[in-house]
**Student:** 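The structure follows.
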Amino acid sequence: MSEATPAKSMDEIMALCKRRGFVYQASEIYGGINGFWDYGPLGAQLKKNLRDAWWQDMIMNPCWGRKGPNGERVRCVPLETRIIQHPKVWEASGHVGGFNDPMVDCRETKARYRFDHVSVFVPASGDAGERPLFAFMKDSPSEAKQQKKAERAFGAVKVVPLTSIPVEQFAKVLGPDAEKVGTLTEPRQFNLMFKTYIGATATEDDKAYLRPETAQGIFVQFKNVVDTTRVKVPFGIGNTGTSFRNEVTPRNFTFRSREFEQAELEFFCHPSESQDWYKFWRDFRMEWWQSIGLKGENLILREHEKDELSHYSQGTSDVEYRFPFTAPGFGELEGIAHRGCFDLTQHQEHSKVKLEYFDQERGEKLPNGSTKGERYMPHCIEPAAGLDRGALAIMCEAYTKDPSRPSPEIMKFHPRIAPIKAAVFPLVNKDGMPEVAERLYDELNAKFGRTGFIETDAKQSIGKRYARMDEAGCPFCFTIDGETLTNQTVTVRDRDTGGQERIAINAVSEYVKKKLGV
RNA sequence: GCGGGUGUAGCUCAGUGGUAGAGCGUCAGCCUUCCAAGCUGAAUGUCGAGGGUUCGAAUCCCUUCGCCCGCUCCA
């Protein structure tokens with residue numbers, strides 16, 4: 001951790017989130033429920049602003065109107081797909097298999113292993129008899145240690161997976177770092193997908209899953225979007241919505257929640273252009289997070305190593321933020337993955353519906369001037385962002401402690417994301433100031449109320465009202481004072497500096513408009 | 001799932017067996033012409049929940065839940 005960014009206290013951030021109504025524990029009056037968090041009034045608006053910014057910059061005006069690597073405007077359309085999909089969707093996507101890794105625990109060492117990752121030294125030939133079998137993890141210290149023991153016991157040894165050993169024989173297995181035999185539990189299933197039942201009878205035949213990602217809904221509707229709109233590859237389909245994962249250990253405030261919201265774009269392109277688009281999206285997504293306030297060295301773009309990649313991926317990058325609880329490490333905000341044609345191919349195989357795209361602009365030129373066309377399976381670039389993680393990163397980044405100020409805790413939100421956009425205060429609650437404040441408040445609320453809260457408050461001292469706005473992250477406060485009544489000017493107080501300037505009261509709307517970028 | 005810590009007002013916390021507390025915040029009033037100022041007053045708790053021991057439990061014991069840290073996990 002560098003000197004420039006002193007560690008922020010997660011406890012203090014969480015306390016402020018509760019105190020000012022950003023985040024509440026879900027079902028708190030019943031004792032809470034592990035892995036679930038609710039947003040209070042300010043948090044709900046903050047997250048909506050984040051979601052709206054994504055929607056605007058990814059779908060309605062993708063990449064701020066910038067041209068893609070093909071030299072044309074980036075084109076995207078929205079989609080809203082359901083949390084519950086046909087169960088076969090998750091078989092095709094690989095989630096049913098992948099979300100069911102059986103695990104074994106060691107009763108002695110308390111270690112937990114993925115069942116299919118554990119190997120065992122057994123005699124090269126014949127039965128071990130009453131002698132133990134020596135379990136180990138490949139490429140861990142246990143490998144050499146157990147091999148030594150096994151060779152002493154059996155002479156020649158061979159390696160077999162633990163999955164090939166009948167559970168009845170586990171009593172003979174010596175765990176990787178155990179002293180006694182028989183400490184491994186039988187393999188247990190960990191279902192990372194939430195299960196539910198469709199229909200009132202709720203039998204096993206009615207089983208369905210709550211989606212672990214929004215992406216599959218997009219792939220499943222790819223053909224409908226192509227057939228019913230005038231989109232042409234390359235283009236993207238965006239979808240925001242709630243997903244569910246039965247995390248083994250929900251941890252770190254809202255960072256690893258069991259219910260969370262994603263904003264995913266699946267961008268479809270010709271295989272030959274896919275690398276260019278991958279790089280394009282990777283770089284834009286990094287720039288986008290920076291543009292909404294995650295500036296500085298706490299945000300990084302990290303390209304995955306080859307051995308980190310999924311078997312189908314030809315490249316993945318993460319936008320990562322250094323949270324107080326990950327520092328000096330980073331936590332993932334968004335993954336930008338080159339998924340190749342894996343998903344569409346999988347769904348084509350499982351559904352038996354052709355999902356290939358017929359590209360009329362490709363292929364050899366015909367005498368009449370048109371082209372012959374080319375049929376291919378589009379490749380897909382997937383920028384998949386976590387909105388709750390984004391909101392959390394924004395809150396952590398915004399949280400600033402300045403003991404030199406009378407109100408030491410300040411949320412320095414980017415104006416575009418700030419849940420409270422502006423506040424209007426009469427300096428004192430008399431002499432006609434409240435009436436002027438009321439009129440200005442009405443004007444601002446009518447013009448900017450759709451972007452967030454506009455506040456007004458005449459009670460208590462002006463310092464206290466400014467302080468409250470600092471903690472809530474309101475970027476500007478407009479104050480009506482004695483001078484307003486004579487020359488029609490107000491003061492603008494800047495949240496981050498506490499500095500003030502004086503502007504004409506009829507210029508306030510324009511000022512806010514410009515600062516909010518709306 | 002394991003181990004450690006923790007849970008008292010909105011927030012931070014004190015309270016080790018004998019009437020439930022403080023600071024800050026919140027609210028009301030007064031005051032106040034620019035930064036949590038001052039004065040007066042007020043509200044707020046099944047002491048995380050359940051059970052037990054005891055004449056009596058926030059306090060001791062058991063169970064359970066949440067949160068934090070470490071392990072484990074993270075397709």
Side-chain angles (χ1 to χ4, degrees), chain A residues 9-12 14-21 24-37 40 90 93-114 116-117 137 177 185 188 190-193 212-213 215-216 245-256 258 308 310-313 324-325 331-332 335 337 402 404-410 425-433 458-471 477-486 490-495 497-500 502:
Chain A
S9 156
M10 205 56 214
D11 286 346
E12 287 177 352
M14 287 167 68
L16 187 144
C17 282
K18 168 78 186 287
R19 192 168 70 237
R20 299 259 71 126
Y24 305 134
Q25 198 178 10
S27 308
E28 189 181 282
I29 62 169
Y30 288 101
I33 177 164
N34 194 358
F36 298 86
W37 299 86
W90 309 111
S93 68
H95 288 87
V96 171
F99 264 65
N100 280 291
D101 296 327
M103 311 287 294
V104 294
D105 289 331
C106 177
R107 296 188 193 91
E108 181 187 323
T109 65
K110 308 299 183 194
R112 169 174 292 170
Y113 309 97
R114 251 179 78 169
D116 57 346
H117 283 186
M137 297 297 288
D177 295 297
T185 63
R188 283 179 291 188
F190 286 77
N191 289 305
L192 268 64
M193 271 203 293
E213 63 174 29
Q216 297 305 323
R245 293 180 199 180
N246 248 326
E247 298 289 355
V248 178
T249 313
R251 207 46 88 79
N252 289 329
F253 203 26
T254 62
F255 183 77
R256 183 169 295 148
R258 288 180 164 142
E308 266 184 284
S310 319
H311 60 279
Y312 52 80
S313 180
F325 50 80
E332 179 184 346
D402 182 351
S404 73
R405 284 183 44 169
S407 52
E409 291 183 296
I410 308 159
F425 298 139
L427 182 60
V428 291
N429 198 13
K430 60 178 186 184
D431 297 342
M433 295 179 207
K459 296 287 177 71
Q460 296 176 313
S461 73
I462 190 69
K464 195 170 274 197
R465 284 175 278 162
Y466 285 155
R468 269 200 283 260
M469 287 300 110
D470 286 345
E471 274 201 351
C477 296
F478 299 96
T479 301
I480 282 66
D481 59 12
E483 220 178 313
T484 309
L485 307 173
T486 59
V490 298
T491 59
V492 189
R493 174 199 181 258
D494 181 85
R495 173 197 64 204
T497 64
Q500 291 185 16
R502 187 163 275 279

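Throughout, protein chains are lettered first and strands after them, A, B, ... in sequence-line order, and every chain is numbered starting at 1. Remember, it's a predicted structure, so these values are computed and weren't measured experimentally.
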**Student:** For A/R258, does its backbone N or O pair with a side-chain atom of A/R245 as donor and acceptor, under 3.5 Å?
**Tutor:**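 Checked: no pair found.
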**Student:** For B/A58 versus B/G5, give the span between their P atoms, rounded off to a whole number of Å.
**Tutor:** 23 Å
**Student:** Identify the nucleotide, in any strand shown, that forms a Watson-Crick or G-U wobble pair with B/G17, with both distances under 3.5 Å; if there is none, say none.
**Tutor:**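 Check on B/G17: unpaired, no WC or wobble geometry under 3.5 Å.
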**Student:** Examine distances only and state if a side-chain atom of A/R465 and a backbone atom of A/Q460 form a donor-acceptor pair shorter than 3.5 Å.
**Tutor:**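 Yes; at least one donor-acceptor contact below 3.5 Å.
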**Student:** Determine which nucleotide pairs with B/C73, using a 3.5 Å limit on both distances of a Watson-Crick or G-U wobble pair.
**Tutor:** none
**Student:** When both hydrogen-bonding distances must be under 3.5 Å and the geometry is Watson-Crick or G-U wobble, what is B/G56 paired with, if anything?
**Tutor:**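 Check on B/G56: unpaired, no WC or wobble geometry under 3.5 Å.
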**Student:** Looking at CZ of A/R19 and CE of A/M14, how far apart are the two atoms once the value is rounded to the nearest 0.5 Å?
**Tutor:** 13.0 Å
**Student:** Take atom CZ of A/R468 and atom C1' of B/G25, then tell me their distance rounded to the nearest Å.
**Tutor:** 9 Å
**Student:** To the nearest 0.5 Å, what is the distance between CZ (A/R251) and CG (A/N34)?
**Tutor:**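 Here the interatomic distance stands at 9.0 Å.
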**Student:** Using heavy atoms to find the nearest nucleotide of RNA chain B for A/V490 and A/T254 separately, return the residue whose nucleotide is more 5′.
**Tutor:** A/V490
**Student:** With RNA chain B as reference, determine whether A/F36 or A/E483 sits nearer its 5' end, using the nearest nucleotide of each.
**Tutor:**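 Nearest nucleotide further toward 5': that of A/E483.
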**Student:** Sort me out a list of protein N/O and nucleotides 64-66 of chain B N/O pairs below 3.5 Å, or just none if empty.
**Tutor:**
residue	atom	partner	partner atom	Å
B/G66	O4'	A/G31	O	3.0
B/G66	O3'	A/Q25	NE2	3.3
B/G66	O2'	A/Q25	NE2	2.1

**Student:** Mind checking the C1' distance from B/A42 to B/C55? Whole angstroms is fine.
**Tutor:** 37 Å
**Student:** Would you give the length of the straight line joining atom CZ of A/F478 to atom OG1 of A/T491, rounded to the nearest 0.5 angstrom?
**Tutor:** 9.5 Å
**Student:** Between B/C24 and B/A43, how far is it from one C1' atom to the other, in whole Å?
**Tutor:**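 The answer is 16 Å between these two C1' atoms.
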**Student:** Are any protein N/O atoms closer than 3.5 Å to N/O atoms in nucleotides 11-13 of chain B? If there are, list each pair with its distance.
**Tutor:**
residue	atom	partner	partner atom	Å
B/C11	OP1	A/K18	NZ	2.7

**Student:** Counting the atoms with a prime plus P, OP1 and OP2 as sugar-phosphate, which does A/F253 contact under 4.0 Å by heavy atoms, base, sugar-phosphate, or nothing?
**Tutor:** sugar-phosphate
**Student:** When you check the phosphate oxygens OP1 and OP2 of B/C31, does a side-chain N or O of A/N429 lie under 4.0 Å from one of them?
**Tutor:**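 Checking B/C31 against A/N429, no side-chain N or O comes under 4.0 Å of OP1 or OP2.
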**Student:** A/R502 side chain: which of B/C34, B/C69, B/A28 is closest?
**Tutor:** B/C34
**Student:** Whole angstroms only, please: what is the CZ-P distance between A/R245 and B/C74?
**Tutor:** 12 Å
**Student:** Between P on B/U32 and CE on A/M433, what's the gap in Å once rounded to a whole number?
**Tutor:** 12 Å
**Student:** Given the P atoms of B/A36 and B/G41, what is the spacing between them in whole Å?
**Tutor:**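 Roughly 23 Å separates the two P atoms.
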**Student:** Report which part of the nucleic acid A/S93 touches: base, sugar-phosphate, or nothing (heavy-atom distance under 4.0 Å, all strands).
**Tutor:** nothing
**Student:** Quick one: which of B/C35, B/C68, B/U33 gets closest to the side chain of A/R251?
**Tutor:**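 Of the options given, the side chain of A/R251 lies nearest B/C68.
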**Student:** Between the base of B/C35 and the side chain of A/R405, is there any donor-acceptor pair under 3.5 Å?
**Tutor:**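 Result: no qualifying N/O pair found.
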**Student:** Once you round to the nearest 0.5 Å, how far does CG of A/D470 lie from SG of A/C477?
**Tutor:**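 Between A/D470 CG and A/C477 SG, I get 7.0 Å after rounding to 0.5 Å.
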**Student:** Who does B/C31 pair with, Watson-Crick or G-U, both distances under 3.5 Å?
**Tutor:** none
**Student:** Rounding to an integer number of angstrom, what distance separates B/G21 and B/A28 when you compare their C1' atoms?
**Tutor:** 24 Å
**Student:** Are any side-chain N or O atoms of A/W37 and backbone N or O atoms of A/Y24, one a donor and one an acceptor, separated by less than 3.5 Å?
**Tutor:** no
**Student:** Report the distance from atom CG of A/L427 to atom C1' of B/C31, rounded to the nearest whole Å.
**Tutor:**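 Atom-to-atom, A/L427 to B/C31, this comes out as 14 Å.
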**Student:** To the closest 0.5 Å, what do you measure between CD (A/Q500) and CG (A/D481)?
**Tutor:**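 The CG atom of A/D481 is 8.5 Å from CD of A/Q500, to the nearest 0.5 Å.
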**Student:** When you get a sec, tell me which of B/C35, B/A36, B/U32 is the closest nucleotide to the side chain of A/V428?
**Tutor:**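 The closest nucleotide is B/U32.
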**Student:** Please state the P separation for the pair B/C11 and B/G4 - nearest whole angstrom.
**Tutor:**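 Here B/C11 and B/G4 have their P atoms 28 Å from each other.
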**Student:** C1' atom, B/A49 versus B/A57: distance in rounded Å?
**Tutor:** 16 Å
**Student:** Base contacts versus sugar-phosphate-only contacts with protein, heavy atoms under 4.0 Å: please encode nucleotides 37-43 of chain B as B, S and - from 5' to 3'.
**Tutor:** B------
**Student:** With the side chain of A/E471 defined as its heavy atoms from C-beta on, choose the nearest nucleotide among B/C74, B/C34, B/A36.
**Tutor:**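 Among the listed nucleotides, the one closest to the side chain of A/E471 is B/A36.
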**Student:** In whole Å, I'd like the distance from the CD1 atom of A/I462 to the P atom of B/C35.
**Tutor:**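 To the nearest whole Å, that distance equals 9 Å.
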**Student:** Side chain of A/R493, backbone of A/G499: donor and acceptor closer than 3.5 Å?
**Tutor:**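 Here the side-chain-to-backbone pair does not exist.
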**Student:** Identify the nucleotide, in any strand shown, that forms a Watson-Crick or G-U wobble pair with B/U6, with both distances under 3.5 Å; if there is none, say none.
**Tutor:**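 WC or wobble partner is B/G66.
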**Student:** Taking A/D494 for its side chain and A/T497 for its backbone only, find out whether a donor-acceptor pair lies under 3.5 Å.
**Tutor:** yes
**Student:** Could you tell me whether A/M10 contacts a base, only the sugar-phosphate backbone, or nothing, with contacts defined as non-hydrogen atoms closer than 4.0 Å?
**Tutor:**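 Since no nucleic acid heavy atom lies under 4.0 Å of A/M10, the category is nothing.
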**Student:** Could you tell me whether A/R256 contacts a base, only the sugar-phosphate backbone, or nothing, with contacts defined as non-hydrogen atoms closer than 4.0 Å?
**Tutor:**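 It contacts base atoms.
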**Student:** Just by distance, do the side chain of A/S27 and the backbone of A/Y30 share a donor-acceptor pair under 3.5 Å?
**Tutor:** no
**Student:** Between the base of B/C34 and the side chain of A/T491, is there a donor-acceptor distance below 3.5 Å?
**Tutor:** yes
**Student:** What is the distance, to the nearest angstrom, from the CD1 atom on A/I29 to the C1' atom on B/C67?
**Tutor:** 18 Å
**Student:** Within less than 4.0 Å of OP1 or OP2 of B/U32, is there a side-chain N or O belonging to A/K430?
**Tutor:** yes
**Student:** Using OP1 and OP2 only, check whether a side-chain N or O of A/Q460 sits under 4.0 Å from B/C35.
**Tutor:** no
**Student:** Expressed in whole Å, how much space separates the P atoms belonging to B/U16 and B/C69?
**Tutor:**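 Between the two P atoms, the distance is 28 Å.
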**Student:** Rounded to the Å, how far apart are A/E247 CD and B/G1 P?
**Tutor:** 15 Å
**Student:** Roughly, in whole Å, what's the span from CG in A/L16 to P in B/G10?
**Tutor:** 17 Å
**Student:** Rounded to the nearest 0.5 Å, how far does OG of A/S407 lie from CZ of A/R495?
**Tutor:** 11.5 Å
